[in-house]
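The next block holds one structure in the form of structure tokens; read it before the comments.
Letters go in sequence order (proteins before strands), and every chain restarts at 1. Worth saying up front: this structure is predicted, and the values here are computed from it rather than measured.
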Number of protein chains: 2
Amino acid sequence: MNLKQLSQLLELSQTTISRALNGYPEVSEQTRLKVVEAARKHGYNPNSNARKLATGRAGSIGYVLPVGKNVDLDPHFVEFLSGLGEHALSREVDLSLTPAPFERETEAYRRIATSRSVDGVYLSSMRNDEQRIALVRGLGLPFLAHGRALAPSEGYACVDIDNEGAFYAATQLLLQLGHRRLAYINGDIDFTFAVHRLNGVRRALKDFGLPPESLQHHSAAMNEDNGYRLAMTLFRDTDASERPTAVLSASMFSTLGIVRALNQLGLRMPDDVSIITHDDVFPFLKPESFSVPLTTTRSSIRAAGARICERLVDIITGVETEPVQEIWPVELIVRGTTGPVPAERKRMRGRTTEAAE
Amino acid sequence: MNLKQLSQLLELSQTTISRALNGYPEVSEQTRLKVVEAARKHGYNPNSNARKLATGRAGSIGYVLPVGKNVDLDPHFVEFLSGLGEHALSREVDLSLTPAPFERETEAYRRIATSRSVDGVYLSSMRNDEQRIALVRGLGLPFLAHGRALAPSEGYACVDIDNEGAFYAATQLLLQLGHRRLAYINGDIDFTFAVHRLNGVRRALKDFGLPPESLQHHSAAMNEDNGYRLAMTLFRDTDASERPTAVLSASMFSTLGIVRALNQLGLRMPDDVSIITHDDVFPFLKPESFSVPLTTTRSSIRAAGARICERLVDIITGVETEPVQEIWPVELIVRGTTGPVPAERKRMRGRTTEAAE
DNA sequence: AAATCAAGCCAAAGCGCTTTGAAACTGACT
DNA sequence: AGTCAGTTTCAAAGCGCTTTGGCTTGATTT
């Protein structure tokens with residue numbers, strides 16, 4: 001059933017049907033009701049491709065999905081997607097994923113833009129040598145970034161969390177607890193979020209008057225394996241005198257591995273080692289669920305997804321005109337894995353045990 | 001730049017340009033080269049909506065994305081998607097995700113079908129009371145199921161793994177090791193995969209001549225929390241005489257929690273408890289990475305994604321005509337978490353230790 | 001009673017592509 | 001020279017929708 005057939009059936013013009021269905025005022029309430037009813041009854045839905053062609057609007061937002069043997073679509077993405085989807089629903093937009101290997105990414109964006117298959121795109125996993133902002137802008141494709149680029153640092157719309165502030169606060173807490181030898185098991189430093197976080201940690205150290213050497217920094221993809229491996233390097237393969245007394249971790253997945261290493265080495269949290277992790281809020285992996293509840297910096301990546309969908313639609317429809325950079329504050333939630341530095345432990349044992357309980 | 005402009009530029013008809021670009025034989029190699037070159041140079045890409053309208057093909061496969069406060073898009077999905085994307089790329093198709101809350105799912109499929117926005121859909125997370133097969137078939141929408149329904153059991157195309165066989169084999173192994181009191185921490189029993197797996201476990205017990213009571217079965221969403229909770233019920237809240245000596249687990253996430261519970265209770269694998277887990281092969285969470293490497297049944301959900309994309313495209317293009325049910329065998333990989341039943345442990349200690357090393 | 005106006009409807013012109021059916025041009029064969 | 005098959009090109013008709021501009025009507029104003 002298409003528009004023409006329906007119009008013949010109702011003995012009305014296609015124009016009227018179209019207007020009735022799309023809520024234009026030029027049609028009487030009476031006919032509208034009749035039309036809507038008939039459409040429902042005969043299961044008429046406008047052909048989406050015809051409509052897209054006629055209006056020039058695609059009704060969907062796009063994302064170039066990195067694929068390839070070495071690219072793991074990680075759980076962060078799906079959680080983000082989940083939020084996006086939740087909001088997409090209420091705005092009646094679809095998500096269109098265009099798979100592309102990393103090296104052909106540019107081509108993919110170009111094709112998306114010239115073929116008008118989506119109304120706008122969101123960019124995520126911003127890298128240090130970010131090229132996409134200039135690219136999609138040049139292509140005239142509306143966009144919204146999840147995260148920020150190093151350069152240009154402004155002039156484009158984005159939603160990001162205050163990574164630097166979060167890790168500044170986390171580091172500060174550890175320093176206040178007396179820790180002086182820290183380690184940071186960071187994510188891949190090619191991504192800007194990792195740079196921002198590292199900046200936060202370093203700034204906190206500096207403000208506290210500690211030398212850069214007080215921090216051991218390791219960067220690797222955020223997963224269990226790397227967490228384990230790096231923790232082993234820190235605590236098994238390092239001289240006792242140089243071992244950190246506290247570890248910052250960029251993700252719950254890394255922390256899974258760190259905790260395994262500590263267990264294996266017989267080190268206890270927080271008595272021997274304090275840990276602070278960034279928590280993106282995964283419903284299937286909660287900081288409260290660890291053997292010792294994790295102290296975390298927390299920001300829901302799912303909420304970011306929802307917000308990004310909302311704003312991207314606003315940008316596409318012209319509601320939002322100026323490129324605003326929206327930076328979300330991050331909570332620091334103290335649970336059981338942070339305690340005083342070991343040297344001070346004895347005179348505070350009562351308190352520590354209680355906190356770790 | 002659109003087709004008309006390009007045709008004027010080259011002083012050729014739109015027909016010829018279109019044919020040249022789409023590789024039809026009616027155009028001389030010479031003109032084709034000229035056209036392709038010009039298109040590249042001027043950055044011409046056919047408007048995808050116009051093309052879709054004209055051909056009636058959408059060039060994308062669809063998925064109705066369940067959203068809602070209580071629906072967590074889980075890591076299984078993203079890994080699956082990753083495989084799908086990998087293959088989609090080579091076939092030049094996009095993925096179109098239509099978010100829909102569970103209760104309005106039917107409506108979403110209906111809209112997808114009548115609006116012709118995708119060429120076909122895949123269905124996943126098959127439920128016991130599966131309605132979607134009849135629905136999409138009735139709508140004339142080509143489809144491919146990931147997993148099988150209970151009814152109808154055949155007559156539709158699907159890709160599934162041999163869940164029953166996998167858990168039969170896993171159970172058999174445990175029985176051969178002397179275990180007689182088993183527990184199965186299953187996924188949500190509303191899904192058919194969970195039913196099939198339970199059938200496998202029960203059949204193995206029966207074939208071995210054990211009564212149904214030898215199995216304690218628990219069903220819940222597969223996550224860390226539930227794994228922990230259910231393991232606690234089994235090992236802390238149950239009389240010692242009734243405690244299982246071996247646990248089957250439906251997912252690595254549940255097992256994460258089970259292991260945490262066992263650690264907390266001071267129970268060791270495999271000396272006190274044997275564990276077999278189903279592993280969907282997540283790059284970020286590997287069975288080898290557990291404190292004791294996990295014995296698993298293994299089948300890559302990512303590979304399933306790639307295969308499903310491949311076959312769905314074949315179904316859409318008419319290459320595949322008969323609905324075939326493709327069932328993949330599942331490997332059983334013995335690592336460190338399976339050993340003889342505790343009672344027999346003493347006289348076999350040497351071997352167990354070795355296996356668990 | 002004529003003039004004005006809004007409400008409700010319509011015919012037709014796009015949107016940018018693919019595809020049909022026909023035309024024009026080649027050379028080769030009678 | 002005339003015919004024919006094969007090649008290369010084209011004009012025009014869709015695909016199913018939205019939207020412009022205009023046409024009727026009946027009611028309201030002058």
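To the nearest 0.5 Å, atom CD of residue A/Glu326 and atom CD of residue A/Glu320 are 8.0 Å apart.
Around CD of B/Glu26, the count of heavy atoms belonging to other residues, nucleotides or ligands within 6.0 Å exceeds 12.
A/Ser48 comes within 4.0 angstrom of no nucleic acid atom, judged by non-hydrogen atoms across all strands. Counting any heavy atom pair closer than 4.0 Å across all strands shown, A/Thr55 reaches sugar-phosphate atoms only and no base atom. Nucleic acid contact for B/Ser18: base, since at least one base atom lies under 4.0 Å from a heavy atom of the residue. Here B/Ser28 lies in heavy-atom contact (under 4.0 Å) with sugar-phosphate atoms only. No contact: A/Gln5 has no heavy atom under 4.0 Å from any strand.
A salt bridge is absent between A/Arg148 and A/Glu130: the closest approach of a Lys/Arg side-chain nitrogen to an acidic carboxylate oxygen does not fall below 4.0 angstrom.
Taking atom CZ of B/Arg19 as the reference point, atom C1' of D/dT9 lies 9 Å away to the nearest angstrom. In this structure, B/Leu33 atom CG and D/dT8 atom P are separated by 14 Å, rounded to whole Å. In this entry the distance linking CG of A/Asn2 with P of D/dG14 reads 14 Å, nearest Å. One atom, CD of A/Glu29, and another, P of C/dG8, lie 9 Å apart when rounded to the nearest Å. Atom CD in B/Glu11 sits about 17 Å away from atom C1' in D/dT8, given to the nearest Å. Protein atom NZ of A/Lys34 is 12 Å distant from nucleotide atom C1' of C/dC9, rounded to whole Å. Between the CG atom of A/Asn49 and the P atom of C/dC17 there is a distance of 14 Å, given to the nearest Å. Rounded to whole angstrom, the span from the CD atom of A/Glu26 across to the C1' atom of D/dT18 amounts to 12 Å.
Comparing C/dT18, C/dG21, D/dA11 by their nearest atom to the side chain of B/Asn22 picks out C/dT18. In the set C/dT19, C/dC17, D/dC17, the nucleotide with an atom closest to the side chain of B/Arg51 is C/dC17. Nearest nucleotide to the side chain of B/Ala54, out of D/dC15, D/dA11, D/dG21: D/dC15. Closest to the side chain of B/Arg57, from the set C/dT19, D/dA11, C/dC9, is C/dT19. For A/Leu53, counting side-chain heavy atoms from C-beta on, the closest listed nucleotide (D/dG16, C/dT19, D/dT20) is D/dG16.
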Practice prompt. Please step through side-chain hydrogen bond (donor to acceptor under 3.5 Å, both in side chains) for the pair B/Thr114 and A/Asn45, ending with a clear verdict.
Written response: CA-CA 6 Å; B/Thr114 54; A/Asn45 263 325; 2.6 Å; yes
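Residue B/Tyr44 has a polar side-chain atom (N or O) positioned under 4.0 Å from OP1 or OP2 of C/dC17. Listed pair A/Thr16 / C/dC10 meets the phosphate criterion, a side-chain N or O lying under 4.0 Å from OP1 or OP2. Contact check, A/Tyr24 against D/dT18: no side-chain N or O comes under 4.0 Å of OP1 or OP2.
Of the residues A/Phe143, A/Phe77, A/Tyr156, A/Phe80, the one that meets the ring-ring contact (aromatic ring centres under 6.0 Å, His included) test with A/Tyr122 is A/Phe80.
Place A/Gln14 and A/Val27 on DNA chain C by their nearest nucleotides, and A/Val27 ends up nearer the 5' end.
Side-chain contact of A/Arg51 with A/Asn22: a donor-acceptor pair under 3.5 Å is present, judged by distance alone.
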